[in-house]
Amino acid sequence: MSETVASALWQRLDTPGHDACLVRRLPHGWRLSGTAVFRQENVPCQLQYQVDADAQWRSVAASVAGWSGADRIEVAIAALEGGRWTLNGVEQPLASGCVDIDLGFTPATNLILLRRLELPLGVTVPAPAAWMEFPDLRLQRLEQSYRRLDERRFDYRGAPAYEGVLVVDGDALIVEYPGLWSAVR
């Protein structure tokens, strides 16, 4: 049995699009599920995603299904022991050593990392993630760090070249992701 604990609707700022996400508590962890509809490189895309985390908010698995233009997309990601990851059953050495999954087309996956870290005020933490790049659908290591500025704001720095102050709500869902996403209220 699952219990819904939060939901969000975002508007994409860099291209036309939206994303809706639901956060549920499961008997042995957590699940994010959502749908992102957006334009990528002048091609319409529709992606349904699901990300599972254990009770301590460590990413366990993710799936993405949908389409980009005429291309069908089906991706299964799994976390293995020792910080190893697979993409459609193939081990991904470029993502090795990461605890968190980051789906590059949605702000939803930031919640998992922020919940897991529970950062104290003023503390900066490196938090590399297994990042699924879109539209390439590769899984690789994304170097990033978070510093809690106050109850709802985090200084975020991520490769390749993004810096900004992320604002979250009381559930740790993104409210403002400068230049990329904004919550629809």
What side chain to side chain donor-acceptor pair (under 3.5 Å) pairs are there with at least one residue in residues 154-170, not counting sequence neighbours?
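Checked against side chain to side chain donor-acceptor pair (under 3.5 Å) - neighbours excluded - the pairs reaching residues 154-170 are Q144-Y156, D155-R157, R157-E163.
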
Which is it for V123 and Y146 under the side chain to side chain contact (heavy atoms under 4.5 Å, CB included) test, yes or no, and what are the steps along the way?
CA-CA 8 Å; V123 172; Y146 291 81; over 6 Å; no

Does [X] belong to the same Ile/Leu/Val/Met/Phe/Trp/Tyr cluster as [Y], with side-chain heavy atoms less than 4.5 Å apart forming each link?
| X | Y | answer |
| --- | --- | --- |
| V99 | L117 | no |
| L26 | I112 | no |
| L142 | V75 | yes |
| V5 | L111 | yes |

Starting at [atom1] of [X], measure out to [atom2] of [Y] and round the result to the nearest 0.5 Å.
| X | Y | atom1 | atom2 | result |
| --- | --- | --- | --- | --- |
| L180 | T106 | CG | OG1 | 11.5 Å |
| D52 | L32 | CG | CG | 8.5 Å |
| F134 | E41 | CZ | CD | 8.5 Å |

Should the pair D19-R12 be classified as a salt bridge under the 4.0 Å nitrogen-to-oxygen rule?
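Judged by the 4.0 Å cut-off on N to carboxylate O distance, D19 and R12 do not form a salt bridge.
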
With the threshold set at 4.0 Å, does a side-chain nitrogen-carboxylate oxygen contact exist between R148 and D150?
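No salt bridge links R148 with D150.
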
Other ILVMFWY residues reachable from V175 by side-chain steps of under 4.5 Å
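V175 shares its hydrophobic cluster with V167.
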
Starting from V184 and following side-chain heavy-atom contacts under 4.5 Å between hydrophobic residues (I, L, V, M, F, W, Y), which residues can be reached?
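Noted: V184 shares its cluster with L9.
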
Contacts of type salt bridge (Lys or Arg N to Asp or Glu O under 4.0 Å), residue E3, not counting sequence neighbours:
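Applying salt bridge (Lys or Arg N to Asp or Glu O under 4.0 Å) to E3 gives R25.
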
Of all residues at least two apart in sequence or in a different chain, which pass the salt bridge (Lys or Arg N to Asp or Glu O under 4.0 Å) check with D102?
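With neighbours one apart ignored, the set is empty.
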
Where L139 and A95 come nearest, the two heavy atoms and their spacing
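So the minimum-distance heavy-atom pair works out to CG-CB, 4.0 Å.
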
Provide the closest heavy-atom pair for D100 versus S59 in the form atom of the first, atom of the second, distance.
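Looking at all heavy atoms of both residues, the closest pair is CA-OG, 3.5 Å.
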
Strictly distance-based, threshold 3.5 Å: is any side-chain N or O of [X] a donor or acceptor partner for the main-chain N or O of [Y]?
| X | Y | answer |
| --- | --- | --- |
| S145 | P126 | no |
| S96 | R84 | no |
| D171 | L173 | no |

With sequence neighbours excluded, residues passing ring pair (Phe, Tyr, Trp, His ring centres under 6.0 Å) with W10:
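Partners of W10 under the ring pair (Phe, Tyr, Trp, His ring centres under 6.0 Å) test: none.
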
Could you pull out all residues at least two apart from F154 that satisfy ring pair (Phe, Tyr, Trp, His ring centres under 6.0 Å)?
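Testing F154 for ring pair (Phe, Tyr, Trp, His ring centres under 6.0 Å), a comparison that skips the adjacent residues, returns none.
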
By side chain to side chain contact (heavy atoms under 4.5 Å, CB included) - contacts of [X] (at least two apart):
| X | result |
| --- | --- |
| R24 | S2, T4, L22, R31, S33 |
| P93 | none |
| R138 | E133, D136, Q140 |
| V90 | Q92 |

Heavy-atom side-chain proximity of [X] to [Y] below 4.5 angstrom:
| X | Y | value |
| --- | --- | --- |
| W30 | R115 | yes |
| N88 | T86 | no |
| W85 | L80 | no |
| I174 | V168 | yes |
| F105 | M132 | yes |
| Y49 | C21 | yes |
| N110 | Y177 | yes |
| L13 | P178 | no |

Identify each donor-acceptor pair in which a side-chain atom of residues 60-73 lies under 3.5 Å from a protein atom, sequence neighbours left out, and give them as a table.
from : atom 1 : to  : atom 2 : distance (Å)
W67  : NE1    : Q46 : OE1    : 3.3
R72  : NE     : E74 : OE2    : 3.3
R72  : NH2    : E74 : OE2    : 2.7

Does the pair I101 and I77 meet the rule for a side chain to side chain contact (heavy atoms under 4.5 Å, CB included), with working shown?
CA-CA 9 Å; I101 184 75; I77 300 168; 3.8 Å; yes

For E143 and R141: C-alpha separation, side-chain torsions, deciding distance, then whether salt bridge (Lys or Arg N to Asp or Glu O under 4.0 Å) applies.
CA-CA 6 Å; E143 296 297 340; R141 184 182 184 94; 2.5 Å; yes

